[in-house]
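In what follows, a structure is listed as structure tokens, so that the remarks can point back to it.
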Amino acid sequence: MSRPEDSLPPDLFYNDVESRKYTTSSRIRNIQADMTHRALELLDLQEPSFILDVGCGSGLSGEILSSVEEEDGGPHMWVGMDISSSMLAQALERDVEGDMLLADIGQGVAFRPGTFDAAISISAIQWLCNAETSDVSPEGRLKRFFDSLYASLKRGGKAVCQFYPKNAQQRSMITNAAIKAGFGAGILEDDPETKSVKVYLVLSVGGGDVTGAVSGMQDVDVYDTRRKERKRGKEFEKKGSKAWIMRKKGQMEAKGKVVKPSSKYTGRKRKTAF
């Protein structure tokens, strides 16, 4: 089954027809609601907050943000941004409570530094990995997005981005872009090893520990990518070792370069020849 992002850019794919279908589908609404509640659970907001909804679409997640009860830390105020004018038209037609703007997140999040307490994104950031023209770089779009998202959040703020990576390379490219922007980052998987796996990128401003956000939760795998890379670099990898060579090969593959296949001889020292 083909993925929507493989067919057309989001502003063209989500035309008036697709936007209405997406918004009125009870199945999609239920899935969106479940993932939004999960994102709020991970954000663990203790008081009413100002939240950025990245890729807000027709405001399905925003409705949930506005309806959080006071005893659960709400209600929250939110601003949404989306590249599809048809999706935003659906939100206006439904009279959702948040403010919204038409914007391409790949061009950055254009708000003052420290504007938001938190951010969520449901099924949006994987679109940044597609390049419709030769002058568009997925790495560049991801960098602009995460750099500006980091700046727009207050110190100690958090973001939760649910996304559907196409493969391990795309997943790594997204996570690494967030880490390079300065975020403390962790990856969670709900329903792992199934076709309905849902991946959540949990981010904290200031490099804080994100694993506390998921303590005590069941059936969730957590990978603190920054901590793993730091530990591996200091304790295990030596320049020229097999681990070092394999990591370098992975970096080259992620950049789309041709890499020689590995074998049992990879990283093995040669005997001194006389």
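If you read the sequence from its start, that first residue is 1, and numbering goes on from there.
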Shortest non-hydrogen pair, Ile187 vs Thr175, comes out as CD1-OG1, 3.6 Å
Are more than 12 heavy atoms from other residues, nucleotides or ligands located less than 6.0 Å from atom NZ of Lys242? yes
Does any N or O in the side chain of Ser148 come within less than 3.5 Å of the main-chain N or O of Gly108, such that one atom is a donor and the other an acceptor? no
Rounded to the nearest 0.5 Å, what separates atom CD in Gln126 from atom CZ in Phe163? 8.0 Å
Between Ser19 and Ser86, does any side-chain donor sit less than 3.5 Å from a side-chain acceptor? no
Contacts of type ring pair (Phe, Tyr, Trp, His ring centres under 6.0 Å), residue Phe111, not counting sequence neighbours: Phe116
Looking only at atom types and distance, does a side-chain atom of Thr266 sit under 3.5 Å from a main-chain N or O of Ser263, one as donor and one as acceptor? yes
Side chain proximity check, Asp104 to Asp11, heavy atoms < 4.5 angstrom: no
Please answer whether the main-chain N or O of Gln169 pairs with a side-chain N or O of Ser172 as donor and acceptor at a distance below 3.5 Å. no
For the residue pair Gly73 and Val68, what are the closest heavy atoms and their distance? C-CG1, 4.5 Å
Under a 3.5 Å threshold, yes or no: a donor from one side chain and an acceptor from the other, between Tyr14 and Gln90? no
Checking side chain to side chain contact (heavy atoms under 4.5 Å, CB included) for the pair Leu153/Phe183: CA distance, chi angles, key distance, verdict? CA-CA 11 Å; Leu153 291 168; Phe183 284 107; 3.9 Å; yes
Taken to the nearest 0.5 Å, the spacing of Met35 CE from Leu60 CG works out to 10.0 Å
Salt bridge (Lys or Arg N to Asp or Glu O under 4.0 Å) for Glu93 and Arg20? Distances and angles first, verdict last. CA-CA 11 Å; Glu93 187 177 308; Arg20 184 171 293 277; 3.4 Å; yes
Salt bridge or not between Glu189 and Arg171? Use side-chain N to carboxylate O under 4.0 Å. yes
Ser123 and Tyr164: side chain to side chain contact (heavy atoms under 4.5 Å, CB included), yes or no, with the steps? CA-CA 7 Å; Ser123 307; Tyr164 293 109; 3.4 Å; yes
Between the side chains of Glu63 and Arg94, is the shortest nitrogen-to-carboxylate-oxygen separation below 4.0 Å, so that they form an ion pair? yes
CG of Leu149 to CZ of Arg144, rounded to nearest 0.5 Å, is 14.5 Å
Check whether any side-chain heavy atom of Leu203 sits under 4.5 Å from a side-chain heavy atom of Phe146, and report yes or no. yes
Gln170 side chain vs Lys166 backbone, donor-acceptor pair below 3.5 Å: yes
Step by step, work out the side chain to side chain contact (heavy atoms under 4.5 Å, CB included) result for Ile120 and Val54. CA-CA 6 Å; Ile120 67 167; Val54 177; over 6 Å; no
Euclidean distance, Trp244 CH2 relative to Lys249 NZ, rounded to 0.5 Å: 11.5 Å
May I have all residue pairs that pass side-chain hydrogen bond (donor to acceptor under 3.5 Å, both in side chains) and include part of residues 108-122, sequence neighbours excluded? Asp117-Lys154
Roughly how far apart are Leu201 CG and Ile125 CD1, rounded to 0.5 Å? 5.5 Å
On a heavy-atom basis, which atom in Glu47 and which in Ser49 lie closest, and how many Å separate them? O-OG, 2.9 Å
Can you see which heavy atom on Asp82 is nearest to which on Cys56, and at what distance? OD2-N, 3.4 Å
Residues that Phe13 engages under ring pair (Phe, Tyr, Trp, His ring centres under 6.0 Å), provided they are two or more places apart: none
Could you tell me whether the side chain of Leu45 reaches within less than 4.5 Å of the side chain of Ile51, counting heavy atoms only? yes
Counting neighbours of CD on Gln107 that are heavy atoms of other residues, nucleotides or ligands and sit closer than 6.0 Å, is the number greater than 12? yes
Side chains of Cys129 and Met173: closer than 4.5 Å at any heavy-atom pair? yes
Ion pair check, Asp44 and Lys158, cut-off under 4.0 Å: no
Trp127 with Leu8, same ILVMFWY side-chain cluster at under 4.5 Å: yes
Hydrophobic cluster identity match, Ile83 and Met100, side-chain contacts under 4.5 Å: no
Considering all heavy atoms of both residues, which atom of Leu102 and which atom of Ser85 are nearest to each other, and what is their separation? CD1-N, 3.7 Å
Contact between Met81 and Asp53 at the side-chain level, heavy atoms closer than 4.5 Å - yes or no? no
Short side-chain to backbone donor-acceptor contact, Thr36 and Gln32, under 3.5 Å: yes
If you round to the nearest 0.5 Å, how far is CG of Leu52 from CD1 of Ile105? 9.5 Å
Minimum-distance pair of heavy atoms, taken over all atoms of Ser66 and Pro75: O-CB, 3.3 Å
Please determine whether the number of non-hydrogen atoms from other residues, nucleotides or ligands lying under 6.0 Å from atom CE of Met77 exceeds 12. no
